[in-house]
Each structure stands twice: as structure tokens, then as C-alpha cells.
Amino acid sequence: MAVFVALGAFLMTLAGGWTAQRVTDRRHLVLGLAGGLMLGVVGLDLLPEALAAAGREVFGVPAALLLFVAGFLLAHLVERLLAVRRAAHGATERAGTEPSAADRAGGPVRPAGPPGSAVPGLVPAGAAAALPDTGAPPRPHDHRSPEVGLTAAGAMVGHSAMDGVAIGAAFQIDGGMGVAVALAVIAHDFADGFNTFTLTSLYGNARRKALAMLFADACAPLAGALSTAFFTIPEQVLGGYLGLFGGVLLYLAAAEILPEAHHQHPARSTVLCTVAGAAFIWLVVGIAG
């Protein structure tokens, strides 16, 4: 029964990912909505569940909150390390294309010659300064690491698998409880699919990788529900994982998704989409509760 109900989560996740990829012409609105959904999932769903499940305290602080902070810092550390590595790699590539002494003395500079120049692909030294300035502002996020997007999407897959485990465990206790948990999971799996596709794409991964992560996220609840027929994850371990995952999600929403949404389109509509995303999760949690 649990696996059959988890099929609803599978379909809802795919629907969320399909929506994310169909509105590419309103990318800032998509990112604003994704940031709101992620904020709502963390603050209104993951953290309360983590606090209830993890239980114990460490030096007066709930273990789930400590892992929440650890997840936030871990995401920040991983992104910084990857950014430093990519910057060093880019510097090495630029060093390999430094102009020669002859170029700096006035020889031809390669490559950038406009069509119709005397020697194709060449432009006299100093002529580059005469080329028109497009006025395009530099993009601060052009050097994002695709690995960060894949890691974040992988965490979403893990979260969806835990959703499936929750469905299966609830059905083991009582059929009514299983239906209630399943409805809550199915409702917010639309946001999971939406965020999985958006996160993977935002960090420069190819569309096929984003679709692959979306499909994995859709299948995860089925696998999680099926696994409960063989073993049960201890409640405290599950709570700790949810706290850690919540910290990672909050970092991505606050430090990456929302700044990118407002980078070129600081519009009121983007803010409204963010508020709507958080309010949608509040509605889902309230109905499920």
C-alpha cells in the first residue's frame, strides 16, 4: 500500500520539474519562487520534524539545531573550496594564453579579428580598445561549480527518499496516519521537483543532468517506501539528517538562489513569488497537520 501511495509523490515531483523547465523566459520569477519554497520547507517542515525526531540536547542545544548550523557551514565551505579550485584552474588557463613579447611590442594579437580584417583572426595591437563596449555588467555567478548543484540535488534526492521512508513507517503504525503523511509528502513533492531541476540547472549543469536528477528525485520516495519492508531507520538518525539537510537548503536559498533571482530583475514580482512560495508550504503544512 505504501509503495502504491508513493506513486503519487513520483508524479507530483515530475510535475514540479516540468513546471520549472517550462518557464525559462521568467527565470527570475522561477528562482524567486524556488527560494520561497526552500525557505518554507526548511523553516516550516524540516526543522520542526528534525527537532521532534532528534530529541536529545548537546550542551543545552538541541542536536538537530547543531546539525542545522553544521549543514549551513558545510555548504558554505564546500562552495568556497570549489570556487577557489575553479579560480586557480582559470588562472592557469589564462597564464597559458598570455601575449608574447612581440604582441606587447605592437605585433598581432590573437584571436579577435573582426570579419573583413586584412588577416582573418588578427587585429593590430591597441585596436581592441576601439571595439565597441556592450555595456553588459559582469556576472558574479558565472564561475559557479556544477558540482555544487549536483550535490544539492543529491541532497534533495536523499530528502525525498526519507519522505518515502516516512510514508512506509506511518503505514506500519496505522493506515490513517499513513494516508495523512502521504498527502503531506505528495503536496510538497511538487516543490521538491521544482527545486531539484532549478538547483541543478542554476549551477551550469547540462539539461540532461538536470532531468536525470529530477527523475532520481521522483523515484526516491518509491525506493524509500519500499525499503521499510526490510528495515527501519532510527528516529534520532532521521532527525539528525533532516537538521543537516535543512542547513544546506537554507544556505543555498539565502546565499545563492535569492541573490541570483534579484541580480538582473530586482522586481516586486520576484519578491511576491518568494513570499508565495513560503506561503504555499505553510498552507501545505497546515492542511497536513
Side-chain angles (χ1 to χ4, degrees), residues 2 9 35-81 148 151-174 176-178 180-185 187-189 191-192 195 199 217 220-221 223-225 227-228 230-258 277-289:
L37 290 171
M38 292 167 71
L39 176 61
V41 167
V42 172
L44 306 177
D45 185 24
L46 291 182
L47 270 184
E49 289 185 17
L51 289 170
R56 67 190 186 91
E57 295 184 352
V58 179
F59 288 105
V61 179
L65 287 183
L66 288 175
L67 288 168
F68 173 78
V69 174
F72 189 98
L73 295 176
L74 177 64
H76 177 63
L77 178 63
V78 169
E79 188 188 40
R80 289 297 89 204
L81 289 176
V148 174
T151 301
M156 294 294 294
V157 173
H159 166 61
S160 294
M162 293 300 102
D163 283 345
V165 170
I167 292 174
F171 270 103
Q172 289 180 357
I173 297 172
D174 177 72
M177 180 180 292
V181 171
L183 287 176
V185 168
H188 85 251
D189 269 356
D192 287 352
N195 289 336
L199 281 171
D217 189 46
S227 70
T228 58
F230 305 100
F231 65 90
T232 301
I233 297 178
E235 187 178 14
Q236 288 192 342
V237 174
L238 178 60
Y241 169 79
L242 291 177
L244 184 72
F245 175 58
V248 172
L249 268 192
L250 182 63
Y251 176 83
L252 294 175
E256 297 293 332
I257 301 293
L258 291 177
F280 173 76
I281 298 299
W282 183 21
L283 178 64
V284 169
V285 172
I287 293 174

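Scanning for side-chain contact (heavy atoms from CB on, under 4.5 Å) contacts around Leu65 gives Leu47, Leu51, Val61, Pro62, with sequence neighbours left out. Take Phe68 and apply the ring pair (Phe, Tyr, Trp, His ring centres under 6.0 Å) test, not counting sequence neighbours, and it matches no residue.
Of all heavy-atom pairs spanning Gly71 and Val248, the tightest one is O-CG2, 3.4 Å. Across every non-hydrogen atom of Ala64 and Ala54, the tightest pair is CB-CB, 3.8 Å. Shown here for Ala253 and Gly35, the closest heavy-atom pair between the two residues is CB-O, 4.2 Å. Residues Pro48 and Gly43 come closest through the heavy atom pair CD-O, 3.6 Å.
Atoms CG and CG, on Leu283 and Leu44 in that order, are 11.0 Å from each other to the nearest 0.5 Å.
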